[in-house]
Amino acid sequence: MNLIMFSIAITALISLILVFIAFWLPTINPDHEKLSPYECGFDPLGSARLPFSIRFFLVAILFLLFDLEIALLLPLPWGDQLNSPFITIIWASIIIILLTLGLVYEWLQGGLEWAE
């Protein structure tokens with residue numbers, strides 16, 4: 001068996017094991033919360049017009065912002081193969097500095113405090 005077929009077989013075996021575990025593991029200990037159709041934490045019999053906390057949305061936006069930071073910095077290891085890798089380092093440093101300053105600003109304004 002050559003190396004390519006061996007790699008494909010191992011990958012398929014690991015994938016099948018993970019799929020089996022993903023379907024088998026949640027059925028071991030089902031409780032009332034797992035079996036309920038609502039996963040948002042609100043009462044399913046109450047009003048559907050409950051206001052959301054604005055802090056929830058701020059934390060979600062901050063998460064998306066720093067998630068995009070990772071996407072912007074992913075090509076960084078390939079930047080050293082350019083003619084001038086110093087420019088890539090400068091741009092990456094600017095991105096990290098801007099995001100750090102934004103995080104410090106949000107922290108000082110109290111945007112990361114969950115409870116008042």
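Both backbone and side-chain heavy atoms feed into the values below; hydrogens, waters and symmetry mates do not.
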Per-pair distances, 0.1 Å, donor-acceptor, side chain in residues 100-112, under 3.5 Å, sequence neighbours excluded:
residue: T100; atom: OG1; partner: I96; partner atom: O; Å: 2.7

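Through side-chain heavy atoms spaced under 4.5 Å, either directly or across other Ile, Leu, Val, Met, Phe, Trp or Tyr residues, I89 is tied to no other residue.
Hydrophobic clustering, with ILVMFWY side chains joined whenever heavy atoms are under 4.5 angstrom apart, keeps L16 apart from W24.
By the neighbour-count criterion of 12 heavy atoms within 6.0 Å, atom CG of L13 is densely surrounded, having more than that number from other residues, nucleotides or ligands. No more than 12 heavy atoms of other residues, nucleotides or ligands shown are found within 6.0 angstrom of CD1 on I87.
Looking at residues two or more places apart in sequence or on another chain, you find a side-chain contact (heavy atoms from CB on, under 4.5 Å) between L98 and I94.
From I8, atom CD1 reaches atom OG of S15 across 11.5 Å, with rounding to the nearest 0.5 Å.
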